[in-house]
Asker: 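My questions all concern the structure below.
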Amino acid sequence: MISPREVDPQKFNSVLKEELKKIKDIASPAWSQFVKSGVSRDRIPQQDDFWYIRSASILRRFYLDNSVGVERMRSYFGGKKRRGHKPARFRKSSGNIIRKIVQQLETAGLVEKNANKVGRKLTPAGRKLLDKISHEVSKQ
């Protein structure tokens, strides 16, 4: 069986993004088109479907790391903050965007709270969706 670990992440996320657009529980809030995705970014995201791209990437991270919380995701999506003539320093990504996406994924039934650890993990339905998409991507 082909898993999301074995396929190209960009192709996988683009196919998963289209599948997430079909789920009515996952929708971009009105404020998302006006905010940066983190302190280290200079501008707002330029893609129209940024919310679904980030949702697909977060869902893939749940597959790769079994139990993940918002703080670890913030570190994963963070980047270097340019500070003028001073050296650049690492800054975490926005927690609100990640938190809202995780809550939407939880409402959709793809992610659930982890009982014995901090964070959340994939549900069997979420794992089935990701396995199906990785199988489709491997055929392309």
Asker: Any salt bridge between Asp42 and Arg82, counting N to O under 4.0 Å?
Answerer: yes
Asker: Is any side-chain heavy atom of Val15 closer than 4.5 Å to a side-chain heavy atom of Glu136?
Answerer: yes
Asker: Hey, is NZ on Lys128 packed in by over 12 heavy atoms from elsewhere, all under 6.0 Å?
Answerer: no
Asker: Atom CG of Asp49 and atom OG of Ser14: how far apart are they, to the nearest 0.5 Å?
Answerer: 10.0 Å
Asker: Can you name the nearest heavy-atom pair linking Asp131 to Ser134, along with the distance?
Answerer: O-OG, 2.8 Å
Asker: Please report the shortest heavy-atom distance between Ile133 and Leu16, naming the atom on each side.
Answerer: CD1-CD1, 3.3 Å
Asker: Decide whether Ile26 and Trp31 are clustered together by the hydrophobic rule: side chain heavy atoms of Ile, Leu, Val, Met, Phe, Trp, Tyr closer than 4.5 Å, transitively.
Answerer: yes
Asker: Drop me the distance from Ser93's OG to Glu71's CD, to the nearest 0.5 angstrom.
Answerer: 10.5 Å
Asker: For atom CD of Gln10, is the number of surrounding heavy atoms from other residues, nucleotides or ligands below 6.0 Å larger than 12?
Answerer: no
Asker: Determine whether Val35 and Trp51 fall in the same hydrophobic cluster, where Ile, Leu, Val, Met, Phe, Trp and Tyr are linked whenever their side-chain heavy atoms lie under 4.5 Å apart.
Answerer: yes
Asker: Do the side chains of Phe77 and Lys92 get nearer than 4.5 Å, heavy atoms only?
Answerer: no
Asker: So which atom in Ser32 and which in Ser28 form the shortest heavy-atom distance, rounded to 0.1 Å?
Answerer: OG-OG, 2.5 Å
Asker: Could you tell me whether Arg120 and Glu106 make a salt bridge, using a distance below 4.0 angstrom between a side-chain N and a carboxylate O?
Answerer: yes
Asker: How about Phe90 and Ser40: do any of their side-chain heavy atoms sit closer than 4.5 Å?
Answerer: no
Asker: Can you tell me how far the CG atom of Leu129 sits from the CG atom of Leu20, to the nearest 0.5 Å?
Answerer: 7.0 Å
Asker: Less than 4.5 Å apart, side chain to side chain, heavy atoms only: is that true for Arg89 and Lys80?
Answerer: no
Asker: Do Ile53 and Leu59 land in one hydrophobic cluster if side-chain heavy atoms of ILVMFWY residues count as linked below 4.5 Å?
Answerer: no
Asker: Run Ile58 and Val102 through side-chain contact (heavy atoms from CB on, under 4.5 Å) and show every step you take.
Answerer: CA-CA 8 Å; Ile58 286 174; Val102 169; 4.2 Å; yes
Asker: Please name the pair of heavy atoms, one in Arg60 and one in Pro9, separated by the smallest distance, quoted to 0.1 Å.
Answerer: NH2-CG, 3.6 Å
Asker: Would you indicate whether the side-chain heavy atoms of Ile101 and Arg54 approach each other to under 4.5 Å?
Answerer: yes
Asker: Mark yes or no for whether Glu112, through its side chain, and Lys121, through its backbone, hold a donor-acceptor pair below 3.5 Å.
Answerer: no
Asker: Surrounding NZ of Lys11 (heavy atoms of other residues, nucleotides or ligands, distance under 6.0 Å), is the total greater than 12?
Answerer: no
Asker: With side-chain hydrogen bond (donor to acceptor under 3.5 Å, both in side chains) as the test, would you mind laying out the steps for Ser67 and Asn114 before giving the verdict?
Answerer: CA-CA 7 Å; Ser67 177; Asn114 200 351; 2.9 Å; yes
Asker: Validate the cation-pi geometry between Arg127 and Tyr63: distance from NZ or CZ to the six-membered ring centre under 6.0 Å, angle to the ring axis within 45°.
Answerer: yes
Asker: Measuring from atom NZ of Lys36 to atom CD1 of Ile97, what distance do you get when rounded to the nearest 0.5 angstrom?
Answerer: 11.0 Å
Asker: For the hydrophobic clusters of this structure (ILVMFWY residues joined by side-chain heavy atoms under 4.5 Å, transitively), does one cluster hold both Ile2 and Phe62?
Answerer: yes
Asker: Should Tyr76 and Ile98 be regarded as members of a common hydrophobic cluster, given that ILVMFWY residues are connected when their side-chain heavy atoms come within less than 4.5 Å of each other, either directly or indirectly?
Answerer: yes
Asker: Considering all heavy atoms of both residues, which atom of Val137 and which atom of Phe12 are nearest to each other, and what is their separation?
Answerer: CG2-CA, 4.0 Å
Asker: Measure the CZ-CZ distance between Arg99 and Arg74 for me, rounded to the nearest 0.5 Å.
Answerer: 7.5 Å
Asker: How far does CZ of Arg91 sit from CZ of Arg83, to the nearest 0.5 angstrom?
Answerer: 6.5 Å
Asker: Kindly determine whether Ile44 and Gln33 satisfy side-chain contact (heavy atoms from CB on, under 4.5 Å), including the steps that lead there.
Answerer: CA-CA 7 Å; Ile44 61 173; Gln33 58 185 343; 5.9 Å; no
Asker: Flag the pair Glu19 / Lys132 as yes when at least one side-chain heavy-atom distance between them is below 4.5 Å, and no otherwise.
Answerer: yes
Asker: At their closest point, which heavy atom of Ala108 faces which heavy atom of Ile23, and how far apart are they?
Answerer: CB-CG2, 4.0 Å
